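In what follows, a single structure is set out as C-alpha coordinates and then discussed.
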Amino acid sequence: MITVNSILEYLTQKYPPETACDFDNVGLLVGNADAPVKKAVVCLDCDISAVNYAESIGAELIITHHPVIFDGIKRVLKGDVVYELVSRNISVISMHTNLDTAVGGVTENLCFKIGLNAVKPFTAHDGFLIREAECDGECADVLAERIKSALGGAVRYVGLGRKINRVLVCSGSGGNYLADVIKNGYDALIAADIKHNVFIDALNHGVAVFDAGHYQSENVVVKPLCEQLSSAFSNTEFCAFNNSNIKFV
(Lines give C-alpha, C1' and ligand atoms only; values in the text may rest on other atoms or scores of the structure.)
Protein backbone atom coordinates (compact mmCIF):
# COMPACT_ATOMS: atom_id res chain seq x y z
CA MET A 1 0.00 0.00 0.00
CA ILE A 2 1.32 3.42 -0.99
CA THR A 3 1.10 5.91 1.86
CA VAL A 4 1.91 9.59 2.30
CA ASN A 5 5.14 8.47 3.97
CA SER A 6 6.06 6.25 0.99
CA ILE A 7 5.94 9.27 -1.30
CA LEU A 8 7.67 11.49 1.27
CA GLU A 9 10.57 9.03 1.57
CA TYR A 10 10.96 8.95 -2.21
CA LEU A 11 10.97 12.73 -2.49
CA THR A 12 13.34 13.04 0.46
CA GLN A 13 15.84 10.77 -1.26
CA LYS A 14 15.58 12.69 -4.55
CA TYR A 15 15.47 16.16 -3.00
CA PRO A 16 17.07 15.99 0.48
CA PRO A 17 15.57 18.48 2.98
CA GLU A 18 19.06 19.35 4.22
CA THR A 19 19.75 20.99 0.85
CA ALA A 20 16.93 23.50 1.46
CA CYS A 21 17.80 27.01 2.66
CA ASP A 22 17.84 27.65 6.39
CA PHE A 23 14.75 29.86 6.20
CA ASP A 24 12.72 27.22 4.39
CA ASN A 25 9.99 24.84 5.57
CA VAL A 26 9.82 21.58 3.62
CA GLY A 27 8.57 18.03 3.99
CA LEU A 28 5.23 16.80 5.32
CA LEU A 29 3.60 20.00 6.56
CA VAL A 30 -0.02 18.94 6.99
CA GLY A 31 -1.69 15.58 7.44
CA ASN A 32 -1.14 11.93 8.25
CA ALA A 33 2.05 10.13 7.19
CA ASP A 34 0.29 6.75 7.42
CA ALA A 35 -2.68 7.67 5.21
CA PRO A 36 -3.01 5.61 2.01
CA VAL A 37 -2.69 7.52 -1.26
CA LYS A 38 -4.54 6.37 -4.35
CA LYS A 39 -4.59 9.80 -5.97
CA ALA A 40 -2.42 12.91 -5.51
CA VAL A 41 -2.28 16.44 -6.89
CA VAL A 42 0.98 18.12 -7.95
CA CYS A 43 0.94 21.93 -8.11
CA LEU A 44 2.98 25.04 -7.40
CA ASP A 45 0.85 26.46 -4.57
CA CYS A 46 -1.60 24.97 -2.09
CA ASP A 47 -4.34 27.59 -2.20
CA ILE A 48 -8.04 26.95 -1.71
CA SER A 49 -8.51 26.16 -5.41
CA ALA A 50 -5.97 23.34 -5.07
CA VAL A 51 -7.74 22.02 -1.97
CA ASN A 52 -11.10 22.10 -3.75
CA TYR A 53 -9.64 20.38 -6.81
CA ALA A 54 -8.02 17.67 -4.69
CA GLU A 55 -11.30 17.00 -2.92
CA SER A 56 -13.25 16.96 -6.20
CA ILE A 57 -11.09 14.17 -7.65
CA GLY A 58 -10.76 12.26 -4.38
CA ALA A 59 -7.06 12.98 -3.83
CA GLU A 60 -5.61 12.26 -0.39
CA LEU A 61 -2.37 14.22 -0.96
CA ILE A 62 -1.17 17.49 -2.48
CA ILE A 63 2.49 17.91 -3.40
CA THR A 64 3.56 21.53 -3.76
CA HIS A 65 6.64 23.59 -4.50
CA HIS A 66 5.80 26.55 -2.27
CA PRO A 67 5.33 25.54 1.39
CA VAL A 68 1.71 25.57 2.52
CA ILE A 69 3.02 26.73 5.92
CA PHE A 70 5.95 29.13 5.63
CA ASP A 71 5.78 31.69 8.42
CA GLY A 72 4.44 30.96 11.88
CA ILE A 73 0.68 30.47 12.24
CA LYS A 74 -0.97 31.78 15.41
CA ARG A 75 -4.49 30.56 14.67
CA VAL A 76 -6.24 28.19 12.27
CA LEU A 77 -9.88 29.01 11.51
CA LYS A 78 -12.59 27.58 9.30
CA GLY A 79 -11.97 28.71 5.73
CA ASP A 80 -8.20 28.85 6.20
CA VAL A 81 -6.30 26.53 3.88
CA VAL A 82 -4.73 24.52 6.71
CA TYR A 83 -8.11 24.10 8.42
CA GLU A 84 -9.72 22.94 5.17
CA LEU A 85 -6.92 20.46 4.51
CA VAL A 86 -7.22 18.88 7.95
CA SER A 87 -11.03 18.83 7.89
CA ARG A 88 -11.02 17.14 4.47
CA ASN A 89 -8.25 14.66 5.38
CA ILE A 90 -5.85 15.92 2.72
CA SER A 91 -2.11 15.86 3.45
CA VAL A 92 0.48 18.23 1.98
CA ILE A 93 4.14 17.65 1.16
CA SER A 94 6.12 20.74 0.11
CA MET A 95 9.48 20.66 -1.67
CA HIS A 96 10.80 24.21 -2.03
CA THR A 97 14.43 25.36 -2.30
CA ASN A 98 15.61 21.74 -2.18
CA LEU A 99 13.62 21.24 -5.41
CA ASP A 100 14.87 24.53 -6.88
CA THR A 101 18.53 23.53 -6.79
CA ALA A 102 18.35 19.80 -7.54
CA VAL A 103 19.27 17.91 -10.69
CA GLY A 104 15.96 17.65 -12.53
CA GLY A 105 14.57 20.39 -10.29
CA VAL A 106 12.91 23.71 -10.98
CA THR A 107 15.76 25.76 -12.40
CA GLU A 108 16.97 22.94 -14.67
CA ASN A 109 13.46 22.46 -16.02
CA LEU A 110 13.24 26.20 -16.66
CA CYS A 111 16.42 26.01 -18.76
CA PHE A 112 15.11 23.04 -20.71
CA LYS A 113 11.69 24.64 -21.26
CA ILE A 114 13.28 27.77 -22.73
CA GLY A 115 15.53 25.63 -24.90
CA LEU A 116 18.91 26.59 -23.45
CA ASN A 117 22.00 24.46 -24.05
CA ALA A 118 24.98 23.19 -22.01
CA VAL A 119 23.14 23.57 -18.72
CA LYS A 120 25.45 23.27 -15.69
CA PRO A 121 25.24 24.02 -11.95
CA PHE A 122 26.59 27.39 -10.86
CA THR A 123 27.22 28.29 -7.22
CA ALA A 124 26.19 31.91 -6.72
CA HIS A 125 27.83 34.39 -4.36
CA ASP A 126 25.39 33.48 -1.57
CA GLY A 127 26.03 29.74 -1.92
CA PHE A 128 22.72 29.04 -3.66
CA LEU A 129 22.92 26.64 -6.58
CA ILE A 130 21.50 28.12 -9.80
CA ARG A 131 22.37 27.25 -13.42
CA GLU A 132 24.57 28.55 -16.19
CA ALA A 133 23.60 27.86 -19.78
CA GLU A 134 24.25 28.82 -23.38
CA CYS A 135 22.01 30.61 -25.89
CA ASP A 136 22.28 30.93 -29.65
CA GLY A 137 23.75 34.42 -29.78
CA GLU A 138 20.40 36.10 -30.23
CA CYS A 139 19.60 39.67 -29.21
CA ALA A 140 17.52 40.49 -26.13
CA ASP A 141 14.34 41.06 -28.14
CA VAL A 142 14.51 37.58 -29.71
CA LEU A 143 15.33 35.84 -26.43
CA ALA A 144 12.48 37.65 -24.68
CA GLU A 145 10.06 36.38 -27.32
CA ARG A 146 11.44 32.87 -26.91
CA ILE A 147 10.94 33.00 -23.13
CA LYS A 148 7.38 34.31 -23.50
CA SER A 149 6.51 31.67 -26.09
CA ALA A 150 7.83 28.90 -23.84
CA LEU A 151 6.36 30.05 -20.53
CA GLY A 152 3.41 32.32 -21.26
CA GLY A 153 2.60 35.35 -19.14
CA ALA A 154 4.60 38.51 -19.71
CA VAL A 155 8.35 39.07 -19.89
CA ARG A 156 9.97 42.29 -18.65
CA TYR A 157 13.51 42.80 -19.89
CA VAL A 158 16.35 45.16 -20.75
CA GLY A 159 19.14 44.71 -23.29
CA LEU A 160 21.15 47.04 -25.46
CA GLY A 161 21.75 44.95 -28.56
CA ARG A 162 24.47 42.76 -27.07
CA LYS A 163 24.40 39.22 -28.44
CA ILE A 164 23.50 36.75 -25.71
CA ASN A 165 25.59 33.59 -25.57
CA ARG A 166 26.08 32.79 -21.87
CA VAL A 167 23.41 33.27 -19.21
CA LEU A 168 22.74 32.62 -15.55
CA VAL A 169 19.29 31.25 -14.72
CA CYS A 170 17.36 31.17 -11.45
CA SER A 171 13.73 30.06 -11.18
CA GLY A 172 11.64 32.39 -9.02
CA SER A 173 13.15 35.42 -7.28
CA GLY A 174 16.68 35.97 -8.52
CA GLY A 175 17.44 39.63 -9.07
CA ASN A 176 20.31 39.48 -6.58
CA TYR A 177 22.25 37.26 -9.00
CA LEU A 178 22.94 40.15 -11.37
CA ALA A 179 26.16 40.60 -9.38
CA ASP A 180 27.24 37.10 -10.43
CA VAL A 181 26.44 37.88 -14.07
CA ILE A 182 28.60 41.00 -14.00
CA LYS A 183 31.47 39.50 -11.99
CA ASN A 184 31.77 36.37 -14.13
CA GLY A 185 31.27 37.90 -17.56
CA TYR A 186 27.89 36.41 -18.47
CA ASP A 187 25.67 38.17 -20.98
CA ALA A 188 22.33 37.95 -19.19
CA LEU A 189 20.27 36.89 -16.19
CA ILE A 190 16.96 35.04 -16.52
CA ALA A 191 14.94 35.03 -13.30
CA ALA A 192 11.81 36.61 -11.79
CA ASP A 193 10.71 39.31 -9.33
CA ILE A 194 13.30 41.72 -10.74
CA LYS A 195 13.33 45.12 -9.01
CA HIS A 196 13.56 48.36 -10.99
CA ASN A 197 17.06 49.17 -9.74
CA VAL A 198 18.33 45.80 -10.99
CA PHE A 199 17.18 46.64 -14.52
CA ILE A 200 18.99 49.98 -14.28
CA ASP A 201 22.17 48.35 -12.95
CA ALA A 202 22.04 45.86 -15.83
CA LEU A 203 21.76 48.66 -18.38
CA ASN A 204 24.68 50.51 -16.79
CA HIS A 205 26.84 47.38 -17.03
CA GLY A 206 25.76 46.51 -20.57
CA VAL A 207 24.12 43.18 -19.77
CA ALA A 208 20.58 41.91 -20.27
CA VAL A 209 18.05 40.92 -17.60
CA PHE A 210 14.81 39.01 -18.18
CA ASP A 211 11.98 38.78 -15.65
CA ALA A 212 10.06 35.70 -16.76
CA GLY A 213 7.47 35.84 -13.96
CA HIS A 214 7.58 33.94 -10.67
CA TYR A 215 4.76 31.52 -11.43
CA GLN A 216 5.81 31.00 -15.04
CA SER A 217 9.45 30.32 -14.18
CA GLU A 218 8.57 27.75 -11.51
CA ASN A 219 5.44 26.05 -12.80
CA VAL A 220 7.68 24.36 -15.38
CA VAL A 221 8.50 21.70 -12.75
CA VAL A 222 4.92 20.54 -12.12
CA LYS A 223 4.44 18.32 -15.18
CA PRO A 224 7.91 16.68 -15.03
CA LEU A 225 7.53 16.02 -11.29
CA CYS A 226 4.08 14.56 -11.89
CA GLU A 227 5.49 12.25 -14.58
CA GLN A 228 8.39 11.24 -12.35
CA LEU A 229 6.09 10.30 -9.48
CA SER A 230 3.72 8.44 -11.82
CA SER A 231 6.65 6.31 -12.97
CA ALA A 232 7.83 5.63 -9.41
CA PHE A 233 4.35 4.79 -8.03
CA SER A 234 2.37 3.03 -10.74
CA ASN A 235 -0.56 2.25 -8.42
CA THR A 236 -1.12 5.90 -7.50
CA GLU A 237 -2.57 8.48 -9.90
CA PHE A 238 -0.78 11.85 -9.95
CA CYS A 239 -2.63 14.84 -11.44
CA ALA A 240 -0.92 18.10 -12.42
CA PHE A 241 -2.90 21.19 -11.41
CA ASN A 242 -2.10 24.65 -12.79
CA ASN A 243 -3.65 27.14 -10.43
CA SER A 244 -2.28 30.62 -11.05
CA ASN A 245 -4.93 33.25 -10.33
CA ILE A 246 -2.71 36.14 -11.42
CA LYS A 247 -4.05 37.77 -14.58
CA PHE A 248 -2.41 39.97 -17.21
CA VAL A 249 -3.98 42.72 -19.32
Side-chain angles (χ1 to χ4, degrees), residues 15 19 44 65 97-225 227-228 242 244 246 248-249:
Y15 313 108
T19 64
L44 201 68
H65 178 47
T97 50
N98 50 328
L99 183 58
D100 278 318
T101 60
V103 174
V106 188
T107 298
E108 276 202 359
N109 274 287
L110 174 59
C111 293
F112 300 149
K113 185 73 173 179
I114 295 171
L116 303 180
N117 306 308
V119 179
K120 300 177 183 178
F122 177 91
T123 303
H125 68 275
D126 60 357
F128 197 65
L129 198 63
I130 58 176
R131 294 296 186 271
E132 65 174 61
E134 295 180 1
C135 294
D136 299 325
E138 60 261 68
C139 68
D141 293 343
V142 172
L143 182 53
E145 287 292 343
R146 194 211 297 196
I147 295 170
K148 180 177 180 179
S149 176
L151 306 181
V155 178
R156 298 186 302 141
Y157 69 101
V158 294
L160 293 175
R162 176 176 178 171
K163 289 186 177 181
I164 300 170
N165 294 294
R166 300 171 64 240
V167 301
L168 288 183
V169 183
C170 176
S171 57
S173 299
N176 57 314
Y177 298 123
L178 176 63
D180 294 283
V181 170
I182 296 168
K183 179 180 178 181
N184 295 282
Y186 290 91
D187 301 313
L189 171 68
I190 301 173
D193 299 342
I194 305 297
K195 294 182 179 180
H196 180 78
N197 64 291
V198 174
F199 284 121
I200 301 304
D201 288 344
L203 284 171
N204 289 339
H205 285 88
V207 297
V209 169
F210 301 84
D211 186 331
H214 197 115
Y215 178 86
Q216 287 75 18
S217 70
E218 292 187 332
N219 197 55
V220 293
V221 80
V222 169
K223 184 178 178 181
L225 182 58
E227 292 172 348
Q228 179 190 134
N242 300 312
S244 175
I246 300 171
F248 298 89
V249 296

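Remember, it's a predicted structure, so these values are computed and weren't measured experimentally.
- A salt bridge links Asp187 with Arg162: at least one charged nitrogen is closer than 4.0 Å to a carboxylate oxygen.
- Looking at heavy atoms from C-beta onward, Leu160 lies in side-chain contact with Leu203 at the 4.5 angstrom threshold.
- Atoms CG and OG1, from Asp100 and Thr19 in turn, are 9.5 Å apart once rounded to the nearest 0.5 Å.
- To the nearest 0.5 angstrom, Leu44 atom CG is 6.0 Å from His65 atom NE2.
- At distances below 3.5 Å, at least one donor-acceptor pair connects side-chain atoms of Ser217 with backbone N or O atoms of His214.
- No donor-acceptor pair closer than 3.5 Å links the side chain of Thr123 to the backbone N or O of Leu129.
- Taking all atoms of both residues into account, the shortest heavy-atom contact from Val119 to Ala133 is CG2-CB, 4.1 Å.
- Listed for the Asp193 side chain is no donor-acceptor partner under 3.5 Å among the backbone atoms of Gly172.
- Asp136 has its side chain within reach of Asn117: a pair of non-hydrogen atoms, C-beta onward, lies under 4.5 Å apart.
- When all heavy atoms of Val158 and Ala140 are compared, the closest pair comes out as O-CB, 4.5 Å.
- At distances below 3.5 Å, not a single donor-acceptor pair connects side-chain atoms of Asn219 with backbone N or O atoms of Tyr215.
- With salt bridges taken as basic N to acidic carboxylate O contacts below 4.0 Å, one links Glu138 and Arg146.
- With hydrogens and angles disregarded, a donor-acceptor distance shorter than 3.5 Å links the side chain of Asp126 to the backbone of Phe128.
- Rounded to the nearest 0.5 angstrom, Ser171 OG and Lys113 NZ are separated by 14.5 Å.
- One finds the NZ atom of Lys120 at 13.0 Å from the SG atom of Cys111 (value rounded to the nearest 0.5 Å).
- Within the 3.5 Å criterion, the main-chain N or O of Pro224 finds no donor-acceptor partner in the side chain of Gln228.
- Rounding to the nearest 0.5 angstrom, the gap separating the CZ atom in Phe199 from the CG atom in Leu189 is 9.5 Å.
- More than 12 heavy atoms of other residues, nucleotides or ligands shown are found within 6.0 angstrom of NE2 on His125.
- A donor-acceptor pair under 3.5 Å links the side-chain atoms of Arg156 to the main chain of Ile194, judged by distance alone.
- Between atom CD1 of residue Ile147 and atom CG of residue Leu143 there is a gap of 4.0 Å, rounded to the nearest 0.5 Å.
- When side chains are defined from C-beta on, Val209 does not count as touching Tyr157, because their heavy atoms never get closer than 4.5 Å.
- For the pair Leu225 and Leu99, the minimum side-chain heavy-atom distance is below 4.5 Å.
- Under the 3.5 Å distance criterion, the side-chain polar atoms of Arg131 are matched with a main-chain donor or acceptor of Thr101.
- The two atoms that bring Val221 and Gly105 nearest to each other are CG2-C, 4.0 Å, heavy atoms only.
- In plain terms, the two heavy atoms of Ala202 and Leu178 that are nearest each other are N-CD2, 3.7 Å.
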Evaluation steps, side-chain contact (heavy atoms from CB on, under 4.5 Å), between Phe210 and Ile164: CA-CA 12 Å; Phe210 301 84; Ile164 300 170; 3.6 Å; yes
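- Using a 4.5 Å heavy-atom cutoff, the side chains of Tyr177 and Val169 are not in contact.
- Considering Val167, Val220, Asn109, Ile190 in turn, Ile190 is the only one that fulfils the side-chain contact (heavy atoms from CB on, under 4.5 Å) rule with Ile114.
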Give the intermediate values and the outcome of side chain to side chain donor-acceptor pair (under 3.5 Å) for residues Asn165 and Tyr186. CA-CA 8 Å; Asn165 294 294; Tyr186 290 91; over 6 Å; no
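- Between Asn184 and Arg166, the shortest heavy-atom contact is O-NH1, 3.9 Å.
- Minimum heavy-atom separation, Ala102 to Tyr15: CB-CD2, 3.4 Å.
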